[in-house]
Enquirer: 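Before anything else, here's the structure in question.
Reminder, nothing fancy here: chain letters follow the sequence lines and each chain counts from 1.
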Protein chains: 2
Amino acid sequence: MRNRRVTIVEIAREAGVSAQTVSRVVNGNVNVAEETRLRIQEIIDRRGYHPSRLARSLLRGSSNTIGVVSFGLGLYGPSQTLAGIVHEANHQGYTVLPQMLTEAETRNPQRIVGQFIESHVDGIIWAVPEIGGNLDWAEDGVSEFDIPIVFITMRRRPGLTGVHVDNCRGGRMAVDHLVARGRRKIGLINGSHDWWEAKERAQGWRESLTNHALPIDDNLIVEGDWSAASGEAAMTALLTRHPDVDGVFVGNDSMALGAIKAARALGRRIPNDVAVVGFDNMPESAFFHPTLTTIHQDLDRVGSQAVGALHAILNGAVEPNPDGDEIVIGPRLVVRESS
Amino acid sequence: MRNRRVTIVEIAREAGVSAQTVSRVVNGNVNVAEETRLRIQEIIDRRGYHPSRLARSLLRGSSNTIGVVSFGLGLYGPSQTLAGIVHEANHQGYTVLPQMLTEAETRNPQRIVGQFIESHVDGIIWAVPEIGGNLDWAEDGVSEFDIPIVFITMRRRPGLTGVHVDNCRGGRMAVDHLVARGRRKIGLINGSHDWWEAKERAQGWRESLTNHALPIDDNLIVEGDWSAASGEAAMTALLTRHPDVDGVFVGNDSMALGAIKAARALGRRIPNDVAVVGFDNMPESAFFHPTLTTIHQDLDRVGSQAVGALHAILNGAVEPNPDGDEIVIGPRLVVRESS
DNA sequence: CTTTCCAGTTCACTGGTTACA
DNA sequence: TTGTAACCAGTGAACTGGAAA
């Protein structure tokens, strides 16, 4: 059924020149007579010749390919980050090779990196958020892989390059805002506590309360799993245990949606009785009822910065920082009706 | 900085055998003495040898790689579909090579297919929804590419393989349900009319009204662009022009969210005054206020079926149907408060 | 007369696998 | 059971013969 692919030798034969000359035409090398170039180019176009990346990469030792490891593409954050990576990588002339993890725990990164090495990727973007100990292997074991890796959403580690949003600052901004709105008893509905992002947002909650000389009560923290359903359950639990809570910072917009539903079910008006601030600024959040105040994180930019950082490393443009290179994207408060 | 990769020859040299013997061990060929196999395997593990996919693919003529063209990854649908594809492809042992289009119009598919051919992909999944004439090139020009392509969300075309949700039936189900709820003047807030999916859903709206002997008034159709903002604007326009509308089928959940907001702003109670049915069943829709009745589409399955179809073609397991092969995924009505 | 440039060729090599010995 | 040689689709380096500087 399928024809064999057109090769450089066939083109060369038809043009009556050597393969090397065709190669020069393809690569825009100058040492080809104009007349010859035109003749060969015509044949290339007519025959639909496409040089083989495989052969070229094999010889050159670099493939212009980036491996990307993802997890949780059902969630808004990870899928947007992947989109940002693919977009920027294509833009920079890289081909992306995505791998999906079905569980966060990474028993043997060796296997995954090994697959990428088989595919001759030039570098890797590890877009699996730090959860529990799932990045402990990176602690000291990355140099063994002998291939540059950029991590997305990992706490700073010596010698490693990471890109992430400043979750702690985002948390502070959210709670600062609630305090500015006159709230004094501010709860936290957080994503799974295993997630580093969740911990950082909780830290922001703490710091803001401290800065405003408000008491910190860990009983005001309820844990969800980032889903709207868990947000609903968490808000129910929180308001049942602490009926006088007047403000809540929720770890993402989906949970905030569920939380608002629960608050309403318990007869609370938002924002009058309870003010709510989310995190993500997903496009829908501007249309929730009430519209959701939230912390915007630019995930497209996280993705493109990760590609940029990898690109810089691959081109040898940067001296790796022994402390670990860190690109931090600033969050932004978007005020709407829910506060 | 980076070492050269470990090659089969190095392993062979260290083991004192020929490269061929190492190759046999790697590929599980039987004709190797057990003792030799163990010795070589030990060296492979210790040195961290990974056979080169490039070299192997070059020789074998197939790469176990699938090219995927995507568009609109910012939307819920396309990003979930891509996730489904990557997941299933990895599962089946394929590597995915994603390409993102920044505009729906495909001026020269030749360029995109050409890039994939350079990368030696075995097949292509064209996951760009049919919009305007952006798939007209497929009409007769696919065989020229001499590579199997599976299309996601394209109307049936002779000789081509496609996977899509039955949008027309979904539309019928939505409107049937509204009628069953006693609604008689049912509007349609649709996605961009250019989109084939939108046309099909509109067709479902028409068929259902016809089946129930209700009048069809094209003035009850308002077009949006799938965003919540456009849904809000559309509902405002619809209720202003036709204050007696008592049910609305909305082309996706995001627009439905905006539409509900607009209806509320105009003093309508939902579902009492206006019942609303969406399309997608995104996870958040179960937590909208009110919770949203919607048509569920299993996009994971669309992705995995596309991979499966391509896999079947690549293995020569299927005779292509001259009428075009069509895999249709059935939608499902999910009833909630908004109706 | 030597040197440089030009247009193009030849050869070896990338990392494996298949066929055959 | 193992080795040898050819091959996949390209590219870098060295080289050729003649013209121009």
Side-chain angles (χ1 to χ4, degrees), chain A residues 2-41 43-44 47-65 114-122, chain B residues 2-41 43-44 47-65 114-122:
Chain A
R2 314 226 346 240
N3 303 336
R4 269 184 35 268
R5 64 186 295 135
V6 183
T7 72
I8 200 170
V9 176
E10 287 177 51
I11 302 296
R13 191 143 41 210
E14 185 164 341
V17 296
S18 75
Q20 181 55 231
T21 304
V22 177
S23 172
R24 286 195 177 122
V25 171
V26 171
N27 294 290
N29 188 304
V30 282
N31 286 332
V32 182
E34 194 53 27
E35 183 221 1
T36 317
R37 174 189 308 283
L38 289 172
R39 182 161 45 93
I40 294 176
Q41 191 60 55
I43 298 173
I44 288 175
R47 297 288 306 276
Y49 164 67
H50 294 279
S52 158
R53 267 185 98 121
L54 264 51
R56 191 180 273 169
S57 300
L58 196 53
L59 200 54
R60 291 224 248 256
S62 96
S63 62
N64 270 296
T65 296
Q115 285 182 8
F116 282 139
I117 289 180
E118 290 184 8
S119 298
H120 289 240
V121 303
D122 295 335
Chain B
R2 318 235 330 250
N3 302 335
R4 265 182 41 264
R5 66 188 290 135
V6 183
T7 73
I8 199 170
V9 177
E10 288 176 51
I11 303 295
R13 192 143 36 208
E14 184 163 342
V17 297
S18 74
Q20 182 50 229
T21 305
V22 178
S23 172
R24 287 193 178 110
V25 172
V26 171
N27 294 289
N29 189 306
V30 280
N31 287 329
V32 183
E34 193 54 26
E35 182 223 0
T36 316
R37 175 191 306 284
L38 288 173
R39 182 160 44 92
I40 293 176
Q41 191 60 55
I43 298 174
I44 287 175
R47 296 288 306 275
Y49 164 68
H50 295 278
S52 159
R53 263 186 101 121
L54 265 50
R56 191 179 272 170
S57 301
L58 197 53
L59 203 50
R60 291 225 249 252
S62 95
S63 62
N64 272 298
T65 295
Q115 286 182 7
F116 282 138
I117 289 180
E118 290 184 9
S119 299
H120 289 240
V121 302
D122 294 336

Enquirer: Among all residues two or more places apart in sequence or in another chain, which pass the side chain to side chain donor-acceptor pair (under 3.5 Å) test with Ser62(B)?
Expert: none
Enquirer: Which heavy-atom pair separates Ile40(B) from Ala15(B) by the least distance, and what is that distance?
Expert: CG1-CB, 4.0 Å
Enquirer: Between P on dG16(C) and CG on Asn64(B), what's the gap in Å once rounded to a whole number?
Expert: 17 Å
Enquirer: Below the 4.0 Å mark, does dG10(D) have OP1 or OP2 next to a side-chain nitrogen or oxygen of Arg56(A)?
Expert: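 For dG10(D), neither OP1 nor OP2 has a side-chain N or O of Arg56(A) closer than 4.0 Å.
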Enquirer: May I have the distance from Arg5(A) (atom CZ) to dC8(D) (atom P), rounded to whole angstrom?
Expert: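 Distance check: Arg5(A) CZ to dC8(D) P gives 13 Å.
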Enquirer: Starting from P on dT11(D), measure out to CD1 on Ile11(A) and report it in whole angstrom.
Expert: 13 Å
Enquirer: When you check the phosphate oxygens OP1 and OP2 of dT18(C), does a side-chain N or O of Arg60(B) lie under 4.0 Å from one of them?
Expert: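 Indeed, a polar side-chain atom of Arg60(B) lies that close.
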Enquirer: Kindly write out the residues that satisfy side chain to side chain donor-acceptor pair (under 3.5 Å) with Gln115(A), not counting sequence neighbours, or none if the list is empty.
Expert: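 Testing Gln115(A) for side chain to side chain donor-acceptor pair (under 3.5 Å), a comparison that skips the adjacent residues, returns Gln99(A).
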Enquirer: Whole angstrom is fine here: how far is it from CG in Leu59(B) over to P in dC8(D)?
Expert: 8 Å
Enquirer: Between dA9(D) atom P and His50(A) atom NE2, what is the distance in whole Å?
Expert: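 About 15 Å, once rounded to whole Å.
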Enquirer: Donor-acceptor pairs are to be reported for all side-chain atoms of residues 17-28 of chain B against protein atoms at under 3.5 Å, with residues two or more places apart or in another chain.
Expert:
unit_1	atom_1	unit_2	atom_2	d
Ser18(B)	OG	Gln20(B)	N	3.4
Ser18(B)	OG	Thr21(B)	N	3.4
Ser18(B)	OG	Thr21(B)	OG1	3.4
Ser23(B)	OG	Asn27(B)	ND2	3.4
Asn27(B)	ND2	Ser23(B)	O	2.8

Enquirer: Figure out the CD/P separation between Glu10(B) and dG15(C), and round it to whole Å.
Expert: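 Nearest whole value for this atom pair: 8 Å.
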Enquirer: Rounded off to whole Å, could you give me the CD1-to-C1' distance for the Ile8(B) and dT4(D) pair?
Expert: 15 Å
Enquirer: Touch check for Thr36(B), heavy atoms < 4.0 angstrom, all strands: base, sugar-phosphate only, or nothing?
Expert: sugar-phosphate
Enquirer: Keeping Ser52(B) on the side-chain end and Glu118(A) on the backbone end, is there a donor-acceptor pair under 3.5 Å?
Expert: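 Not at all, since once roles are kept as given, no pair shorter than 3.5 Å links the two residues.
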Enquirer: Who pairs with Arg56(A) by side chain to side chain donor-acceptor pair (under 3.5 Å), at least two apart in sequence or on another chain?
Expert: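 Arg56(A): no side chain to side chain donor-acceptor pair (under 3.5 Å) contacts found.
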Enquirer: According to the salt bridge (Lys or Arg N to Asp or Glu O under 4.0 Å) rule, which pairs have a member within residues 25-34 of chain A, sequence neighbours left out?
Expert: Glu34(A)-Arg37(A)
Enquirer: Side chain of Leu58(B) only, heavy atoms from C-beta on: which candidate in dC8(D), dT11(D), dG16(C) is closest?
Expert: dC8(D)
Enquirer: Could I get the full list of side chain to side chain donor-acceptor pair (under 3.5 Å) partners for Arg47(B), not counting sequence neighbours?
Expert: Glu10(B), Glu14(B)
Enquirer: Sequence neighbours left out, what passes side chain to side chain contact (heavy atoms under 4.5 Å, CB included) with Ser119(B)? Give chain and number order.
Expert: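 Counting only residues at least two positions away or on another chain, Ser119(B) forms a side chain to side chain contact (heavy atoms under 4.5 Å, CB included) with Arg53(A), Leu97(B), Val121(B).
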Enquirer: Axis-to-axis angle across the helix from dT2(C)-dA21(D) to dA21(C)-dT2(D), five pairs an end, to 10 degrees?
Expert: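 Answer for the end axes of this duplex: 40°.
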Enquirer: Rounded to whole Å, how long is the line connecting atom CZ of Arg53(A) with atom P of dT11(D)?
Expert: 13 Å
Enquirer: Any residue in residues 16-32 of chain A with a heavy atom nearer than 4.0 angstrom to DNA chain D? Just list them by number, or reply none.
Expert: Gln20(A), Ser23(A), Arg24(A), Asn27(A)
Enquirer: Which part of the nucleic acid, if any, lies within contact of His120(A), taking any heavy atom under 4.0 Å across all strands shown: a base, the sugar-phosphate backbone alone, or nothing?
Expert: nothing
